[in-house]
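Data block below; observations after.
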Amino acid sequence: SLTTPVSNSTLSFCGSDNSSAYKVDNGLLNNGCFLDALGVVPHVFLLFSTFPILFIGWGSQSSKVHIHHSTWLHFPGHNFRWLLTIVLLFVLVCEIAEGIVSDGFNQSRHLHLYMPAGLGILAAITSIVYYHNIETSNFPKLLIALLIYWTLAFITKTIKFVKYDDHGIGLRELRFCITGLLALLYGLLLGVEVNVILRRRYMWFPCPTEVKPPDDLQDLGVRFLQPFVNLLSKSTYWWMNTFITSAHKRPIDLKTIGKLPISMRALTNFQRLRKAFDAQAGSRWIWLALRQAFGRPLVLSITFRFIADLLGFVGPLCISGIVHHISSDNHSVKLLGVHFISSEAFLANAYVLAVLLFLALLLQRTFLQASYYVAIETGIKLRAAIQTKIYHKIMRLCTSNMSMGDMTTAQICSLVARDTNHLMWFFFLCPNLWAMPVQIVMGVLLLYSLLGVSALIGATVIVVLAPLQYFVATRLSRAQKSTLEHTGERLKKTNELLRGIKLLKLYAWEHIFRSSVEETRRQELRNLRTFALYTSLSIFMNAAVPIAAVLTIFAVHVHMHSATDFDLSPAVAFGSLSLFHILVTPLFLLSSVLHSTVKALVRAAWIVNGYFTWTQGCPTLTNIDIKVPFGQLTMIVGQEGCGKSSLLLAALGEMHKISGNITWNRCVRLRHSSHDSLHSILTACVFRKRGSVAYASQRPWLLNATVEENILFDMVPNEKRYKEVIEVCQLQPDIDTLPQGDQTVIGERGIILSGGQRQRISVARALYQQTNVVFLDDPFSALDIHLSDHLMHEGILKLLRQEKRTVVLVTHKLQYLPHADWIIAMRDGTVQTQGTLKDIQCAEPELFEQWRTLMNRQDKENTTELKRKSFRRPMYSTDTLATEDEDEESSTSTDEDSLRAELRHRTTIPWSSFATYLRAAGLLLLPLLVLSQLSKHSLMVAIDFWLAHWTSRVIAAQIESDCEFSHSSYLQVFCGLCALGIVLCLVTSLAVEWTGLRVSRELHCSLLRTIVLAPMRLFETTPLGNILNRFSADTNTIDQHIPVTLECLSRSTLLCVSAVGVISYVTPLFLIALLPLAVACYFIQKYFRVASRDLQQLEDSTEMPLLSHYSQTIEGLTTIRAFRHEQRFKKKLLEHTDANNISSLFLMAANRWLEVRMEYIGAFVVLIAAVASISNALCSQLSAGLVGLGLTYALMVSNYLNWIVRNLADMEVQLGCVKRVSGLIHTQPENYDGLMTPAQVPAGWPKYGEIQIKNLSVRYDSSLKPVLRHINSHIRPGQKVGICGRTGSGKSSFSLALFRMLDTIEGNRIIDGIDIAKLPLQTLRSKFSIILQDPILFSGTIRFNLDPERKATDQMLWEALEIAQLMPVVKALPGGLDAMVTEGGENFSQGQRQLFCLARAFVRKSSILIMDEATASIDMATESILQKVVMTAFADRTVVTIAVSPCTSLNYTIQSYTAGVFSSGPRGPLSCRVLLQTASDFLVTLKTLISWFRCV
């Protein structure tokens, strides 16, 4: 004996209670303590050999490596090494635990049982850190230390294992199994090390294999590093730490998140999908292609989910084992010497079970989040591939599909935005489909092992109620679908209301359209009420069915097993309760997952099979045989609807081919060649060999980009040519008024520009291009005479002719025909005649005479070439610009302060918006919501406390006496509490949904009322899309998302608060450990909320350009294909898709980052609660029931902790919708009241139509300068007054002033003796009629469009249509007056729409009619009809006509001898320059008037 035994407190490596431990008579290797000491040697070697490199010399060595990211993982077997190391750490922890448990049977502490394992853990961690640094820095020679370490460790563990076997120690002893596992792991790690050295020829090889880092790691722009980091960083998202914390200092934008890795880009995944699709022989199936392209990572996700679900069952089993250990007799027989315990004895220890529970939770949460990540990442890749495939199909889409209504832009955008998301989420749900059945079967089997037959009865209750849950889910889906239909109808009506708000206010019809929207909203709310009812039922069943099932199980169990070994004990009760929490989730989610799967399958079938068709129909063009001379000007003329635009589209290959062909002569543009031609014989044909054609469509198509980008259209910038084109199109004055000049983003569809400005930018794009052929489709339609002449002479006749370009011009301006080299006249879809003007004069003298009459009339408008300087009213006033500049200057000095304030604002929750939301709920629902939530969760705690008390009394009764325990009184109380809990679950779910419904109704009603009553200034300064978003996206969020988020947030929060309270009650010491965990939670949620909000907003903001690109492409498909810019737009789509996907990936990674950390904290909560409860139970006789209760609630904390933060972040984003809606609600409305009441207004006013204007000055807003100053005028009853002037001179402002649409500074407007300022606004506007420049029709019947107030009889309506010469058109329609008008009146021509507006004005029978440039956008024939109707049907009424053209005004002047001209005069910005009052002045003044108009 080397030493003598000492007291129990003595520490010794081999112990002091057994002298045999130090005997070496049979050899050193036969001494157990020596074998353990030998195992320390490799660990000590590694620690001492790697310490200098790790902590001293690493910096100088790593500096030699030039790589952007320190994540280059290139050694073979990298992931396998990490897995082996993690398993090694777990086995070493088990060795420590086994040593400690074994040492508990000894009188003194035997350090050799667990100290080597502790050093082994330290060495394993050191080895992986050391290896990581070697790999990322590429210093393979340093692997020699690891090679030696694995060799020594493998040898020592093998010797120990062999000696154990020699002494008869076998598989029944846990230490034998652990030693064998360690030997195997060290051997495998040695093999991995040798494999690295041999494959890469490192260390002793003279020429090692060179390996280059991947391209992604050499690109600083790639910041999404999940595919490139090591396994530990992958599983914990450690690489996201810097990103999350940096978001707290500076907002996240696209520059911050960088680019996607190559393997995740849309192009890569599209090529992968296309390759899989093309590889199929015979019939092609999209699902087979998806499986081949993306199936492998999905299998990996399913595997991770299986592992996670299996590990999830460890929690209930450990809780049952811990409670059983505490409630049973824990005394064991002490044996002499060092003990070898069995696995059963090891797992019977409560502390061991607590540690195993902790490790199982860590692994389960890690595998679960890994499954989520892989599934969502695969779904995002699939979505990108499908979106790209759809876009490629769109590029080949026939435009007839769009024009015939087979496929609308909204449908395609819905396909891209919603249906591809359904497919993405289907991939996310796929692992659930496979894992849920296994989870259910395992749960039922484990319940059966704990409860016997009663478990099957409880499971039967859930299975029986599952169809009811499926029924509710189905009804919920139907209600949502029905709600979406009514939502779409409401948005359609709201969109029409907003687009026509000016007309509605002028006609005083806003209340009619508001009522229509409100009626649709009431139908939507009825469906939302149904949706809310089924949602509350779903929430109720999720909460109540587990209570009912547990009640049934325990009642049956008590009845069947009260006198057996299966009697209700804490271990059985709380183990089964935890299992039920696991089992209920898949049972209820299974129906939802199946429903979502079916929806995804249907959407996929729609995407693949139902998307693209080619429409067949009657020919639009027939018997076409034309030639277009090369390098000359060809004009195509004819009446509206005769096929002029169709001819251009046919030449471009945009129409469906029936017969014929097109020949494009690829002539080189030569100055002396004028006889080469492009000869076309076609009905319409698609071809592939045509070159680029500069095309300006009839309806201007613009990109949501800057003015310069729209003009250049991806051409090389040429400053000289750019300025020349700007001057030709007279765009410089318009550019000067824009905030950032030609760098101003003009918005989707050129929303901030007028129609003429959009037209000129579209033409400028065509002029700037260097193509041989230029197609111009009616470029003068939206331009006044000055702009038209300048564009014709300077742009077409000068610029394009000098360059010898082939120009095809479609136009109604017949005065330009003499300039044409070739003329094509169209009629009814065929060519009426073609040739030069002289040829047509000889061949078609009648047609030529008709043209000459119209040309002479048009020449009156412009007999000489006018050089025009624009005086258009700026879209942004100079005052506004000056204010913006001053604000910019002042803000520059306070950028840092603003940034700090913004960062502070980003870290705080918007409580004011939350208060607004709750205030809208009302005084009745709000207290009910709060009280029901608190009562429900208090009762849930009471039920579990009663169960703990009940089961503890069972154990106490078994210990104290042998008499049978009576369960009846406990069961009755338990039943009563459960029944009350079920009722409160129903009340709570209804309260939440009905609160959300009430808020939705109140906020939408207030918003609609405010918008309808708002002044026009709001609609002129706020983009229509922004206002519409308040009614669409924001209202949808308030309707459907906030109630669900609020319910989840309140439930998760109260559950966690309840859990912390219960655990603290059971073990007060838990509060001490809770403090650091609470601090960690606080900082995690603080950083996450900011990053999550930024990423959600970034995802939304990047989705909008993507959808906008789709809609822009569809609308400009003809232009894109004419220019041959398909590849550029495909590239742009890939950029938009990748930007959206990188945002989605970072958001998903941030969610995983949060969940991993919060669930790890939850696991620590469980560990601390378990250890504290076990210690408290063993030391102070804490009841086993309370221990089970505390552990069950601790598991709930780990489940719900991350949901608090997630829902808090979601709620913060969603409350932004409330804030935006609330901000719009506070808009100041127009003053609709007057000094007079409607009853005081004389009946039939205004009867005569006399208008007196006295010293009138008005402005658009109180912050702007006057637009009319000191205007005086007198219009006698029945006069026809023409007001002319340049664009922006104040003509329209004069008309708006009569309707009190502008802010009055001074002056009076007296109509038939009454100052209109005294009249109620609704009464005033209802007495006048107006026809605007842009004809506005609403979807609905013709009857509704003529008379929304339903005051006129059918006879009056037909009379109005007859006067407008529309009676034949309407009678030919099915339904007559009840025939439908499509949205915007698209099923009628521009001229017909304008005539409908005239009929509408006649129906009102008002004595005053105002025509505001009503003929600016229609052809001469329609204008003649309109003027004739005005002179006859309105002969006895006062008519004020506003026009840019003096001849249009003078047509009325000839009849009434009254005209006015507005200009920039000396008396103010806009004043009346000429006013004719008598017939004798007319002839003298007419010459002066025309001369003035030519030269000003």
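Reckoned from all heavy atoms, side chains included, excluding hydrogens, waters and symmetry mates.
- Side chains of F313 and Q439 form a contact here, defined as non-hydrogen atoms less than 4.5 Å apart.
- In this structure, the separation between OG1 on T1053 and CD1 on I1204 is 4.5 Å, given to the nearest 0.5 Å.
- Around atom CH2 of W434, no more than 12 heavy atoms belonging to other residues, nucleotides or ligands sit under 6.0 Å away.
- Rounding to the nearest 0.5 Å gives a distance of 7.5 Å between SG of C94 and CG of L359.
- Contact record, T85 with A124: CG2-O, 4.1 Å, taken as the closest heavy-atom pair.
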For side chain to side chain contact (heavy atoms under 4.5 Å, CB included), just list the numbers for Y164 and R175, CA-CA rounded to whole Å, side-chain angles, deciding distance to a tenth of an Å, and then say yes or no.
CA-CA 9 Å; Y164 279 171; R175 196 177 306 165; 3.5 Å; yes
Pair I319-L1195, side chain to side chain contact (heavy atoms under 4.5 Å, CB included): steps then yes or no:
CA-CA 10 Å; I319 289 176; L1195 274 182; 3.2 Å; yes
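- Judged by distance alone, with hydrogens and angles left aside, the side-chain atoms of R1157 form a donor-acceptor pair with the main-chain N or O of T236 at under 3.5 Å.
- No side-chain donor-acceptor contact under 3.5 Å links S371 to the backbone of F367.
- Of the inter-residue distances, the one linking F346 atom CZ with I100 atom CD1 reads 9.0 Å to the nearest 0.5 angstrom.
- Although no hydrogens or angles enter the test, the distance criterion places a donor-acceptor pair under 3.5 Å between the side chain of Q1085 and the main chain of Y1082.
- Residues I1063 and V1165 form a side-chain contact, since some pair of their non-hydrogen atoms from C-beta on lies under 4.5 Å apart.
- You'll find the side chain of V91 stays beyond 4.5 Å of the side chain of L88, heavy atoms only.
- Interatomic distance, CE of M1148 versus CG of N1151, reported as 9.0 Å (0.5 Å rounding).
- Formation of a donor-acceptor pair under 3.5 Å by the D36 side chain with backbone atoms of P116 is not found in this model.
- Residues I1174 and L353 are not in side-chain contact: their nearest non-hydrogen atoms beyond the backbone lie 4.5 Å or more apart.
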Could you walk me through whether L1069 and I1072 pass side chain to side chain contact (heavy atoms under 4.5 Å, CB included), step by step?
CA-CA 6 Å; L1069 288 176; I1072 300 174; 4.0 Å; yes
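- Without hydrogens or angle criteria, W82 side chain to L232 main chain gives no donor-acceptor distance under 3.5 Å.
- Inter-residue side-chain proximity for L1191 and I322 is flagged as met; some heavy-atom pair is nearer than 4.5 Å.
- R1051 places a side-chain heavy atom less than 4.5 Å from the side chain of H937.
- The shortest heavy-atom contact between A1163 and L362 is CB-CD2, 3.8 Å.
- Under the 4.5 Å side-chain criterion, counting only non-hydrogen atoms from C-beta, L89 is in contact with I121.
- Between F945 and Y1065, the distance from one ring center to the other falls under 6.0 angstrom.
- Below 30°, between 30° and 60°, or above 60°: for F554 and F974 the angle between ring planes is between 30° and 60°, a tilted geometry.
- Between the S301 side chain and the P297 main chain, no donor and acceptor come within less than 3.5 Å of each other.
- No salt bridge links E377 with K234; every basic N to acidic carboxylate O contact stays at or beyond 4.0 Å.
- The CG atom of L1189 lies 5.0 Å from the CZ atom of F574; values are rounded to the nearest 0.5 Å.
- Across L1201 and I1161, no two heavy atoms sit closer than the pair CD2-CG2, 3.8 Å.
- A pairwise comparison of heavy atoms in L939 and G981 identifies CD2-N, 3.0 Å as the closest pair.
- For F358, the CZ atom is densely surrounded, since the number of other residues' heavy atoms within 6.0 Å is greater than 12.
- At least one donor-acceptor pair closer than 3.5 Å links the side chain of S233 to the backbone N or O of W239.
- Atom OG in S1064 sits 3.5 Å away from atom CG in L1071 (nearest 0.5 Å).
- Side-chain contact between Y372 and R305 is present, with at least one heavy-atom pair separated by less than 4.5 Å.
- Judged purely by distance below 3.5 Å, without hydrogens or angles, the side chains of N230 and R81 never pair a donor atom with an acceptor atom.
- The backbone N or O of A1172 lies less than 3.5 Å from no partner atom in the side chain of N1176, so there is not a single donor-acceptor pair.
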Please assess E95 against L92 for the test side chain to side chain contact (heavy atoms under 4.5 Å, CB included), listing each intermediate value before the final yes or no.
CA-CA 5 Å; E95 187 178 23; L92 288 171; 3.5 Å; yes
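- Remark: side-chain polar atoms of S1052 are not paired, donor with acceptor, to backbone N or O of L1049 under 3.5 angstrom.
- Closest non-hydrogen pair, V941 versus Y1193, comes out as CA-OH, 3.4 Å.
- In this structure a side-chain-to-backbone donor-acceptor pair under 3.5 Å is present from S576 to A573.
- Between T1192 and G1188 the shortest heavy-atom distance is OG1-O, 2.7 Å.
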